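The structure appears below as C-alpha cells.
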Amino acid sequence: QVQLVESGGGVVQAGGSLRLSCAASGRAVNSYAMGWFRQAPGKEREFVAATDWNGGGIMYPDTVKGRFTISTDSAKNTVYLQMNNLKPEDTAVYYCGALSGGSTGWLDWQYDYWGQGTQVNVSS
C-alpha cells in the first residue's frame, strides 16, 4: 500500500511558476515509478510527466516539454513538478500517481495508487 499526498497548487498569473510536491509513504515506495497527471473540468485525465526514483525514464508530452520539470528527492520520498511559463490551459487538478514495477508509464490505467489532487489555476 502506498499513500500519496500532493501539495503546492494555487492561483498564478500566466507566465508564472509553481512547484508541486507529492509526498509518498508506505511499503517499498522506491520500487514504484512516479507520475503526474492532470484533469481539467469536462476533460479526461492527461499525462504530464513521469520518472523513476533515480531520475531515469523521464517522459513529458509535447504540451509541457520545456516548461515542466519532474524530479525526486529519495531521502524525503518526495516527487516534485516544477512548472514554469504557465498558461491558462494548464489549469486543472494535478494528481500524483505510483506505478508498480519501477518502469515509467504515460497511461493512467498503468498506475496503482493516486493522491487526492491539488488545484492549479492559471489566470490570463
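Please read these numbers as outputs of a predicted model, since none were measured by experiment.
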* To do: Measure across Ala50 and Gly105 and return the closest heavy-atom pair with its distance rounded to 0.1 Å.
  => CB-O, 3.7 Å
* To do: Go through the steps to decide whether Thr72 and Thr51 satisfy the test side-chain contact (heavy atoms from CB on, under 4.5 Å), and finish with yes or no.
  => CA-CA 8 Å; Thr72 61; Thr51 185; 3.6 Å; yes
* Asked: Shared ILVMFWY cluster between Val93 and Val48, side chains joined below 4.5 angstrom?
  -> no
* Hey, does the side chain of Asp52 reach the backbone of Asn54 with a donor-acceptor pair shorter than 3.5 angstrom? -> yes
* Structure fact -> In Asn85, Asp90, Asn84, the residue satisfying side-chain hydrogen bond (donor to acceptor under 3.5 Å, both in side chains) with Arg67 is Asp90
* To do: Examine Arg45 relative to Trp109 and say whether NZ or CZ is less than 6.0 Å from the centre of the six-membered ring and inside a 45° cone about the ring axis.
  => no
* Asked: When rounded to the nearest 0.5 angstrom, what distance separates SG in Cys22 from CG in Asn77?
  -> 10.0 Å
* Nearest-0.5 Å distance, OG1 of residue Thr63 to CD of residue Glu89 -> 9.5 Å
* Asked: Taking side chain as C-beta onward, heavy atoms only, is Glu6 less than 4.5 Å from Gln116?
  -> yes
* **Same apolar cluster: Tyr111 and Val2, side chain cutoff 4.5 Å** => no
* Structure fact -> All heavy atoms of Thr104 vs all of Gly57, minimum pair found to be OG1-O, 2.8 Å
* Linked, directly or transitively: Trp114 and Leu81 (ILVMFWY side chains, under 4.5 Å) -> no
* Structure fact -> dist Ile58:CD1 -> Thr69:OG1 (nearest 0.5 Å) comes out at 8.5 Å
* Any side-chain donor paired with an acceptor under 3.5 Å for Asp108 and Gln110? -> no
* Asked: For the atom pair OG (Ser124) and CD (Gln13), what is the distance rounded to the nearest 0.5 Å?
  -> 9.0 Å
* **Working for side-chain contact (heavy atoms from CB on, under 4.5 Å), residues Leu18 and Val120** => CA-CA 9 Å; Leu18 282 174; Val120 172; 3.9 Å; yes
* To do: Take Leu99 and Tyr32, measure what side-chain contact (heavy atoms from CB on, under 4.5 Å) needs, and give me the verdict at the end.
  => CA-CA 5 Å; Leu99 188 162; Tyr32 290 77; 5.6 Å; no
* **Test of ring centre spacing under 6.0 Å for Phe47 and Phe37** => yes
* Looking at side-chain heavy atoms only, is the closest gap between Met83 and Ser17 below 4.5 Å? -> no
* To do: Using a 4.5 Å cut-off on heavy atoms from C-beta on, say whether the side chain of Leu20 contacts that of Trp36.
  => yes
* Parallel, tilted or perpendicular, as decided by the 30° and 60° cut-offs, for the rings of Tyr94 and Phe68 -> tilted
* Interatomic distance, Ser25 atom OG to Gln1 atom CD [nearest 0.5 angstrom] -> 9.5 Å
* Asked: Got a sec: does the CH2 of Trp53 have more than 12 other heavy atoms crowding it under 6.0 Å?
  -> yes
* Go through Ile70 and Val79 one step at a time and tell me if the side-chain contact (heavy atoms from CB on, under 4.5 Å) criterion holds. => CA-CA 7 Å; Ile70 190 170; Val79 183; 3.9 Å; yes
* Short side-chain donor-acceptor distance under 3.5 Å, Thr91 and Asn121 -> no
* **Closest non-hydrogen atom pair between Ala40 and Ala92, with its separation** => N-CB, 3.8 Å
* Do Met34 and Leu4 come within less than 4.5 Å of each other through their side chains, counting heavy atoms only? -> yes
* Does NZ or CZ of Arg38 come closer than 6.0 Å to the centre of the six-membered ring of Tyr95, within 45° of the ring's axis? -> no
* To do: Go through the side-chain N and O atoms of Thr78 and Asp73 and say whether any donor and acceptor fall under 3.5 Å apart.
  => no
* Answer whether the closest heavy-atom distance between the side chains of Glu46 and Glu44 falls below 4.5 Å. => no
* N/O donor-acceptor pair under 3.5 Å between Ser21 side chain and Ser7 backbone -> no
